[in-house]
Protein chains: 2
Amino acid sequence: MFLSKLDSLSTAVGLVNDNQKYTDVEEISIYDCHKRVLAEDIKAYHNSPPFDKSAMDGFALKGENTFGASQSAPKELKIIDAIGAGDFSTKTVGENEAIVIATGAPIPEGANAVIMKEYTTTEGDDLTIYSQVTPGENVSPKAEDIRKGETILSKNTFIRYQEMGLIASAGYDKVKVFKKPRVKLIITGNELVEPTKEEIDNAKIINSNQFTINAMIEDSGAICDIDHAGDSFDEVKEAILQASKEYDVIMTTGGTAISKGDVVLDVVNDLGEILFHGVAMRPGKPAGAGIINDKMIFTFSGQPVAAMSQFDIFARKYLFEMQGRAFDFHIVKRESQLKIPSQLGRTDFIRAVTDDDYAKHVLNRGSGIIRSMVEANSYIIIDENDEGYQKGDIVDVVMFDSLLW
Amino acid sequence: MFLSKLDSLSTAVGLVNDNQKYTDVEEISIYDCHKRVLAEDIKAYHNSPPFDKSAMDGFALKGENTFGASQSAPKELKIIDAIGAGDFSTKTVGENEAIVIATGAPIPEGANAVIMKEYTTTEGDDLTIYSQVTPGENVSPKAEDIRKGETILSKNTFIRYQEMGLIASAGYDKVKVFKKPRVKLIITGNELVEPTKEEIDNAKIINSNQFTINAMIEDSGAICDIDHAGDSFDEVKEAILQASKEYDVIMTTGGTAISKGDVVLDVVNDLGEILFHGVAMRPGKPAGAGIINDKMIFTFSGQPVAAMSQFDIFARKYLFEMQGRAFDFHIVKRESQLKIPSQLGRTDFIRAVTDDDYAKHVLNRGSGIIRSMVEANSYIIIDENDEGYQKGDIVDVVMFDSLLW
């Protein structure tokens, strides 16, 4: 493939969006639903709390019976029962009566408030109170968190730990979520070897993409299997064809440029359809994507930083949305601490160190310099219509942390 | 235990810090090191790139031989060899000679630049170039990313995907990291039942803490096993004693107040030492911590929101630091959209919805209202020395996302 005409970034992103696929739905135990995406509305099977509940340890009573009580003018009541958490009383609280109650226990019939233990003293069944409480005080009313029958979470909600608590309280022991996408990551390149402390053969290079891209895929809520193919057309074709039958998404690294070792795009063209190849952006210009057997294939560069950026720009959103979770870059505005040159017609993703006020781009930023990603915590994004920025200009920034699943 | 005197939040946090423990070191495969913390400095075993490397597909040549070449005045060179990725040439590039080169391949002897294929045409061994390149152009110099022998990452670095790439390139197939802390989460309370769609018995409540706190523990890089104990002293004591022998950290929910069902702090007192019990904060006042068999125990409330906040305030930092990762709240400043009353002498953690400019607290925020955590994405923190804020005041905010591992 000859990488002659570059697509604009927005064209390339649009082509990916137009081909968005979604995973199926599965029902899983609530124990396993952390960081999954709801594939159903959650309707409450219960009120929560299921009854008027004591919010304190103390004494359930009629608030009216405490009016006027103080340190200097205590009031006397009679204790008629005691309720631990998980227990309930069959007795009814009458005038000037009280029932010992634990946090979480149901307010007994006749009572409407709880006085905290620290404002009381007891002697046998005699309760002395030194403070007043208003009716309703220290009572969590029935259904104040969840009302039975109500829709409390909707489909496509990302399940954090707090949502897990709400789903459990609503009565769900299982929950429908979108399946994790299954991704085959195919590392191409005859020059690649595994990490080793030993001397490395001439012309060989340690393969780092298999670690970084694999981790990025898993960090996007997906499951990744890694395969290796050399640089030959047949080898790459066989690996991609197989993956297109068994996986939801294919990603490749290497072999995206134009010389004799670069076959990935030829294979995509042979097996399916190329959506784009070559994008007016830096790093990552040789980025490509296609469709094979109705499956999306992303073809990333072999250059480590280019591959990571291409993942962030094209694949992350695709994997998120595939699982039902809406995703877009969260752009924040910061003051640039340095002058940043850029080229009209090209979108730049410049690695930068950004704090709450400033962004300062990393200077040494070739597409092979992994260290530029290690030193950075963010991208400064320079639109294709901008020719760069002066020191002190306000720039668009995406924090790496905001990209995580 | 009688919760009479409250400690200030800073006193309580100080007591936890004074008793910080650390996990041991283990050596693991680089495949498994994502989101772990380095327990060794990483010194490079190799240069990266290991040789002057072509950054493009094209032709390796002497830059000087291209000077003056243009579309209207092309120059002619002779192709003497071809190098694919992973390959190298034994030939030396002489005057007006060129070697076909793939991205990633070593620059051959005699050459100092690469001209991109798109600025050339070929016919057999004859190469015509239509553009000039400066010496060094399209060459990634040897060691530009990593210099052999250099310390490229230091102990206590959190390993993101980009650090994985750097560690691999440095030649490490295994890496020393801090072990994940093993946490036993003991849920106490006779009133608790598992999530169910069926009618729930009188006075029983669905247990949600086992899901939320378990997920928070795992989200802090730790491993969690869950146990259940009722409300009896002997039952809780047996569970805690056993956990203190087998786990690095113990956490409990429920049984932290003062009535007859509340035994957890009595057990801590019996088996070891209470560090604090009762903190001037909201939610989460009954928070406690102690030491049993040299292991930290955190005693959280049974109230779901109180338990989550107590985890965020005390346990998260403890688990992070235990694994060698420094952690503190990342405070950002926002304009409050509402008036927020608070009490002098108490630190408030108020659930809020915060964007890049404003914070608006969730109004319904009892310590049992899980929905207040679900609606929120942040805490507004009100210091014990502040009496609250007016609408339009600038307040301290911690985003929930900034708390994640």
Side-chain angles (χ1 to χ4, degrees), chain A residues 30 34 45-46 49-50 57 82 84-88 102-106 117 140 144-145 161-166 168-169 171-173 189-191 194-197 200 202-206 208 211-212 215-216 231 257-262 302 304 308 332 356 366 368-371 373-374, chain B residues 30 34 45-46 49-50 57 82 84-88 102-106 117-118 140 144-145 161-166 168-169 171-173 189-191 194-197 200 202-206 208 211-212 215-216 231 257-262 302 304 332 356 366 368-371 373-374:
Chain A
I30 184 169
H34 190 216
Y45 286 96
H46 309 286
D57 291 321
D87 233 357
F88 60 97
T103 306
K117 194 169 173 181
S140 303
E144 71 165 345
D145 195 7
Y161 44 84
Q162 50 269 63
E163 278 80 13
M164 289 180 82
L166 202 63
S169 298
Y172 285 69
D173 57 343
N190 289 330
E191 76 277 25
E194 291 292 303
T196 173
K197 294 171 180 174
I200 296 171
N202 242 340
K204 300 294 181 191
I205 290 184
I206 289 174
S208 68
F211 303 106
T212 52
M216 291 176 97
D231 284 324
I258 47 172
S259 79
K260 70 168 188 173
D262 296 317
M308 285 187 254
V332 296
D356 292 336
I369 312 285
I370 302 178
R371 231 190 247 212
M373 285 294 285
V374 165
Chain B
I30 185 170
H34 189 217
Y45 286 95
H46 309 286
D57 291 321
D87 232 358
F88 60 97
T103 306
K117 194 169 174 181
E118 32 266 78
S140 303
E144 71 165 346
D145 194 8
Y161 45 83
Q162 50 268 65
E163 278 80 14
M164 289 180 82
L166 202 63
S169 297
Y172 285 68
D173 57 343
N190 290 329
E191 76 278 24
E194 291 292 302
T196 173
K197 294 172 179 172
I200 296 171
N202 241 339
K204 300 296 181 190
I205 290 183
I206 289 174
S208 68
F211 303 107
T212 53
M216 292 176 96
D231 284 325
I258 46 173
S259 79
K260 71 170 188 173
D262 295 317
V332 296
D356 292 337
I369 312 285
I370 301 177
R371 229 189 247 213
M373 287 292 286
V374 166

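Chain A is the first sequence line, chain B the second, and so forth, proteins listed ahead of strands; every chain is numbered from 1. Values below: all heavy atoms of this structure, side chains included; hydrogens, waters and symmetry mates excluded. Every value quoted in this text rests on a predicted model; they were computed, and no experiment measured them.
Taking B:Tyr45 as the reference, A:Lys197, B:Tyr172 meet the side chain to side chain contact (heavy atoms under 4.5 Å, CB included) condition, with sequence neighbours excluded. By the salt bridge (charged side-chain N to carboxylate O under 4.0 Å, His left out) test, B:Glu163 is found to be paired with B:Arg160, residues two or more places apart in sequence or in another chain being considered.
In terms of non-hydrogen atom pairs under 4.5 Å with chain B, the most contact-rich of A:Val332, A:Ile200, A:Asn190, A:Leu166 is A:Leu166. Per-residue counts of heavy-atom pairs under 4.5 Å with chain A were compared for B:Gly368, B:Gly104, B:Gly171; the largest is that of B:Gly171.
The shortest heavy-atom contact between A:Ile370 and B:Asp145 is N-OD2, 2.8 Å. Here the closest heavy-atom approach between residue B:Pro50 and residue A:Lys204 is recorded as CG-O, 3.6 Å. When every heavy atom of B:Ser208 is checked against every heavy atom of A:Gly165, the shortest pair comes out as CB-O, 3.5 Å. Nearest heavy-atom pair, B:Ile30 versus A:Phe211, reported as atom, atom and distance to 0.1 Å: CG2-CE2, 3.5 Å. Closest non-hydrogen pair, B:His46 versus A:Ile206, comes out as CD2-CD1, 3.7 Å.
When heavy atoms are compared at a cutoff of 4.5 Å, B:Asp356 approaches chain A solely by way of its side chain, counted from C-beta outward. Looking at A:Pro195, the atoms closer than 4.5 Å to chain B (heavy atoms on both sides) sit in the backbone and in the side chain alike. Of the atoms belonging to A:Met373, heavy atoms from both backbone and side chain fall under 4.5 Å from chain B.
Taken to the nearest 0.5 Å, the CZ atom of B:Arg371 stands 11.0 Å off from the CD atom of A:Glu144.
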